[in-house]
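Working notes, beginning with the structure itself.
In this text, all values refer to a predicted model and were calculated from it rather than measured experimentally. Starting from 1, each residue takes its place in the sequence as its number.
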Amino acid sequence: MGLMVHSLAEFPENVKRDYYIYLLDFGWEEPLSKIIHDNYSKIAAFTSQNNAVFIRCVWVSCRQ
């Protein structure tokens with residue numbers, strides 16, 4: 001499961017997973033950040049197959 005949210009308060013309470021991976025994006029220009037952004041769908045697909053969720057905040061809201 002891949003989920004983009006403005007805040008963790010938007011995360012559904014009835015979703016139960018073994019792992020929750022929350023990506024904070026501060027808009028830094030670095031190789032690791034680019035790799036994660038370029039592969040978000042692949043990471044989300046992998047986590048969904050392993051009873052986990054990959055949560056990423058919408059970039060604009062992370063800066064506030």
Quiz prompt | Path from V53 to Y19 over hydrophobic side-chain contacts below 4.5 Å | solution = no

Practice problem: Quick one: list whatever passes side chain to side chain contact (heavy atoms under 4.5 Å, CB included) with E13, sequence neighbours left out. | Solution: none

Quiz prompt | Test side chain to side chain contact (heavy atoms under 4.5 Å, CB included) applied to I35 - qualifying residues, sequence neighbours left out | solution = N39

Quiz item: What's the spacing between H37 NE2 and I43 CD1 if we round to 0.5 Å?
Solution: 9.5 Å

Exercise. Nearest 0.5 Å please: distance from the CD1 atom of I21 over to the CD1 atom of I55.
Key: 9.0 Å

Self-check item: Y20: ring-ring contact (aromatic ring centres under 6.0 Å, His included) partners, not counting sequence neighbours
Solution: F11

Quiz prompt | S33 side-chain N/O to E30 backbone N/O, donor-acceptor pair under 3.5 Å | solution = no

Exercise. Apply salt bridge (charged side-chain N to carboxylate O under 4.0 Å, His left out) to K34 and list each qualifying residue two or more places apart in sequence or on a separate chain.
Key: D38

Exercise. Identify the two heavy atoms, one from N51 and one from K16, that lie closest to each other, and give their separation to 0.1 Å.
Key: OD1-O, 4.0 Å

Self-check item: Considering all heavy atoms, the nearest S48-A45 contact
Solution: OG-O, 2.7 Å

Quiz item: Is Y22 close to F54 at the side-chain level, that is, under 4.5 Å between some pair of heavy atoms?
Solution: no

